[in-house]
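For reference, the structure is listed below as structure tokens.
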2 protein chains.
Amino acid sequence: MAKKVTMSELARLAKVDISTVSRALNDSPLVKPHTKEAILKIADEIGYTVNVAARNLRKQSSEAIGIVIPLAPGSEQTISDPFFLEMVGSVSHAASQNGYDLIVSVPQDEMKIAERRLLRSGRADGLIVIGQAGRTERLNAMSASNSNIVVWGGAHGEQNYTLVGSDNVKGGKLATSHLLSLGRKNILFLGDVSLPEVDLRYEGYVKAHNDASMAYDPDYILKLNFGGQSAFNGVLKFIDEGFVFDGIFAASDVLAMAAIHALQSRGKSIPEDVSIVGYDNIGQAQLSTPPLTTINQNITQGGAMMVDLLLAKIAGKPAPSKFTDTELIIRKSCGGVG
Amino acid sequence: MAKKVTMSELARLAKVDISTVSRALNDSPLVKPHTKEAILKIADEIGYTVNVAARNLRKQSSEAIGIVIPLAPGSEQTISDPFFLEMVGSVSHAASQNGYDLIVSVPQDEMKIAERRLLRSGRADGLIVIGQAGRTERLNAMSASNSNIVVWGGAHGEQNYTLVGSDNVKGGKLATSHLLSLGRKNILFLGDVSLPEVDLRYEGYVKAHNDASMAYDPDYILKLNFGGQSAFNGVLKFIDEGFVFDGIFAASDVLAMAAIHALQSRGKSIPEDVSIVGYDNIGQAQLSTPPLTTINQNITQGGAMMVDLLLAKIAGKPAPSKFTDTELIIRKSCGGVG
DNA sequence: TGGCTCTCTGAAATCGATTGTATTTTAGCC
DNA sequence: GGCTAAAATACAATCGATTTCAGAGAGCCA
């Protein structure tokens with residue numbers, strides 16, 4: 001165990017007061033350059049590192065932000081979902097670029113606990129919350145009592161907190177229009193439309209049909225949570241019950257990949273028999289067979305946006321909600337009708 | 001911004017000394033049950049949360065652990081690699097189960113910085129390091145000066161730090177033996193054998209051949225880093241140069257999936273023409289087409305193991321290195337010879 | 001009732017830094 | 001050289017908790 005080396009130890013070695021050491025380390029102009037150099041040299045030699053607990057206590061800040069991933073209760077989705085994980089990676093990168101640490105929290109219980117544990121305890125200066133399923137009110141309350149919160153989710157107009165997300169309606173429309181333009185007529189929607197974001201993607205699905213003056217069957221929705229397994233089974237059942245379809249728009253890439261799988265296991269080929277579009281553009285999307293056409297949520301951009309907005313809030317500056325660039329990525333899981 | 005409520009505020013309201021409040025909140029037997037209840041009730045009402053900076057400063061601990069993901073310099077691998085991300089998820093889960101926070105660090109620079117920033121600064125009580133490529137010496141040094149480190153990697157016998165990982169030799173042998181038992185004779189190895197872990201997997205590959213009295217061609221190695229793109233290109237090139245092979249053992253699932261892809265784009269079918277085994281068992285492995293036969297590293301178990309061992313170390317107890325359960329998961333990417 | 005033990009609570013030191021204020025040193029100028 | 005202003009450093013309070021030690025009060029026994 002490395003014996004701890006404190007600032008007063010460093011001060012003693014440099015034969016100056018501890019306050020001078022503090023200023024020197026923080027590059028204050030109050031310290032004579034010559035003295036500063038000497039102190040920094042010694043600090044480096046003895047491997048001094050400031051004690052953040054003391055620093056945070058005095059400065060009343062933590063130089064850390066928290067990312068909270070509250071899993072939708074009852075959903076199969078786990079932290080192992082690639083979308084969440086990529087989001088953690090992206091936020092982690094953006095945070096460290098800004099010199100902030102990232103604390104990951106996957107609350108088992110109520111989100112209120114996570115807020116207390118991270119924000120009010122002073123552990124983090126701000127919070128990024130991924131997903132808002134059924135928590136709009138709580139998020140509004142949290143945001144009212146402490147404004148340093150940025151949320152990833154879909155814009156429903158009932159939020160008074162800063163929101164970042166893809167343009168879900170646009171994304172849904174892009175995906176569906178693409179399928180329609182390929183000549184697909186019976187498009188199955190995969191996703192639980194009672195979830196925020198997913199409802200907006202379905203709204204885009206409807207709009208695309210209307211814009212193209214095409215009819216859509218409201219029964220062509222498989223209300224699936226985000227788990228791959230339930231999607232696999234759901235699609236199999238849908239096929240086996242005799243429903244006919246030639247296109248699928250899935251509310252996530254994991255669902256889309258599970259659907260591809262289910263179709264293939266029933267002897268259908270993609271994209272000849274059924275064209276498929278996913279949503280998210282997770283890393284694995286381009287490695288699926290066939291590579292998946294999908295809506296790019298731009299997770300990397302989104303993570304950076306959230307961190308930027310959060311730091312702006314922490315600094316007391318305005319932080320308006322934003323969309324990430326939302327675009328269609330065309331790969332081989334879509335093809336025109338024979 | 002919620003106005004901060006401190007312990008002395010709480011003490012004032014409860015008409016007791018702050019020291020009594022502290023004891024009450026920490027459930028000390030020194031406080032009369034009646035008093036304790038009253039204090040807890042008020043604390044709950046005003047939403048008091050202990051200030052961790054003050055607490056950590058006084059207790060000289062942080063109740064947090066750090067996970068460091070030093071990307072191999074020069075490798076294509078990014079934090080978005082599913083293996084790393086799943087590891088973060090797994091460690092995060094295990095940490096929170098034990099009441100610890102998890103701080104994610106993806107050092108851009110030298111790992112020494114991360115160690116300083118997290119450990120010596122008192123931000124974290126211990127560190128989990130994922131991967132040891134080219135850092136054995138530094139890790140040994142870190143471990144010598146502060147023993148609260150657990151590393152994920154391959155056992156080469158030159159480490160004096162606590163190591164957790166899959167049994168890479170066994171895994172490589174299981175994978176290769178399986179391919180040989182299916183009648184495959186020319187097995188391509190995908191992976192950079194100059195990396196730790198990968199070399200051990202190749203060692204297993206060699207052993208399996210020896211055990212089966214089969215010859216192997218030392219040229220059948222594609223020295224790929226972990227990036228999917230380079231694997232895709234590498235395999236294409238290998239095919240186009242006229243090399244003949246009927247099996248692939250890839251050092252990671254991402255590589256295996258990229259290989260499947262490359263083969264399919266050259267008109268080969270899996271598993272009829274080529275049997276493929278991956279390594280890791282990431283979540284997407286079962287959703288690939290065909291589903292991927294792979295070696296399960298048991299990431300979930302590994303994360304829990306590392307956290308357990310790290311907390312043991314922090315508590316001053318012994319923490320011996322361990323293997324996770326390493327097993328072959330048979331899916332459809334392997335098939336016998338026609 | 002006096003003395004003693006046993007509970008419980010309060011006072012005060014402490015963790016390691018930052019920062020406002022006081023004080024010393026240096027520099028500039030006639 | 002002596003005076004003042006400016007620059008550099010030292011002093012001391014402070015952040016919010018934990019914990020040691022001391023003391024107050026209650027209960028018990030003779």
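Note: hydrogens, waters and symmetry copies are ignored here, and every other heavy atom, side chains too, is used. Just so we're clear, the structure is a prediction, and the values are computed from it rather than from any experiment. Proteins come first, then strands; the chains are lettered A, B, ... in the order of their sequence lines, and each starts at number 1.
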Q) Can you find a pair of side-chain heavy atoms, one from Val307(B) and one from Ile65(B), that are under 4.5 Å apart? A)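 Val307(B) vs Ile65(B): side chains touch.
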Q.
Just so I know, are the side chains of Trp152(A) and Ile67(A) near enough to count as touching, which here means a heavy-atom distance under 4.5 Å?
A.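 Trp152(A) vs Ile67(A): side chains apart.
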Could you report the tightest heavy-atom contact between [X] and [Y], atom names first, then the distance?
X	Y	value
Arg123(A)	Ile103(A)	O-CD1, 3.8 Å
Ile149(A)	Thr162(A)	O-CB, 4.1 Å
Gly154(B)	Glu197(B)	N-CG, 3.4 Å
Ser90(B)	Ile299(B)	OG-O, 3.0 Å

Q. Of Ile18(B) and Ala54(B), whose nearest nucleotide on DNA chain C comes first from the 5' end?
A.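 Its nucleotide being nearer the 5' end, the pick is Ile18(B).
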**Q.** Upstream residue (5' side of DNA chain C) when Leu57(A) and Thr35(B) are each assigned their closest nucleotide
**A.**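 Counting from the 5' end, the first nearest nucleotide belongs to Thr35(B).
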(Q) Any side-chain to backbone donor/acceptor pair from Ser166(B) onto Thr324(B)? Under 3.5 Å, distance only. (A)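 Between the backbone of Thr324(B) and the side chain of Ser166(B) there is no qualifying donor-acceptor contact (under 3.5 Å).
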Touch check for [X], heavy atoms < 4.0 angstrom, all strands: base, sugar-phosphate only, or nothing?
X	result
Val31(B)	sugar-phosphate
Val52(B)	nothing
Asn26(B)	sugar-phosphate

Q | Candidate nucleotides dC8(C), dA17(C), dA11(C), ranked by approach to the side chain of Ser19(B) - the nearest | A |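 Given the options dC8(C), dA17(C), dA11(C), the side chain of Ser19(B) is closest to dA11(C).
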Q | Any N/O donor-acceptor pair, Arg58(A) side-chain to dG20(C) base, under 3.5 Å | A |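 Under the 3.5 Å cut-off, the side chain and the base do not form any donor-acceptor pair.
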Q) Nucleotide range of DNA chain D contacted by chain B, 5' to 3', under 4.0 Å to a heavy atom? A)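 Endpoints of the contacted stretch of DNA chain D: dG16(D) to dT20(D).
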Atom [atom1] of [X] to atom [atom2] of [N]: distance rounded to whole Å?
X	N	atom1	atom2	value
Glu63(A)	dT18(C)	CD	P	11 Å
Leu10(A)	dT18(C)	CG	C1'	15 Å
Leu25(A)	dT18(C)	CG	C1'	12 Å
Lys32(B)	dC6(C)	NZ	P	18 Å

Q | Lys41(B) bridged to Glu37(B) by N-O distance under 4.0 Å | A |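 A salt bridge is absent here (no side-chain N lies under 4.0 Å from a carboxylate O).
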Q: Work out how much the helix from dT1(C)-dA30(D) to dC30(C)-dG1(D) bends between its end axes, five pairs an end, to the nearest 10 degrees.
A: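 Between the first-five-pair axis and the last-five-pair axis there is 50°.
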Q) Want to settle it: does Thr49(B) or Asp17(A) sit nearer the 5' end of DNA chain D, counting the closest nucleotide to each? A)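 It is Asp17(A), whose closest nucleotide lies nearer the 5' terminus.
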Q: State, without any angle test, whether Ser28(A) and Asn26(A) hold a side-chain donor-acceptor pair at a distance under 3.5 Å.
A: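 Looking only at side-chain atoms, Asn26(A) and Ser28(A) do not form any donor-acceptor pair under 3.5 Å.
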Q) Within the structure, does a side-chain N or O atom of Ser22(A) lie under 4.0 Å from either OP1 or OP2 of dA17(C)? A)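 So the side-chain polar atoms of Ser22(A) never come under 4.0 Å of the phosphate oxygens OP1 or OP2 of dA17(C).
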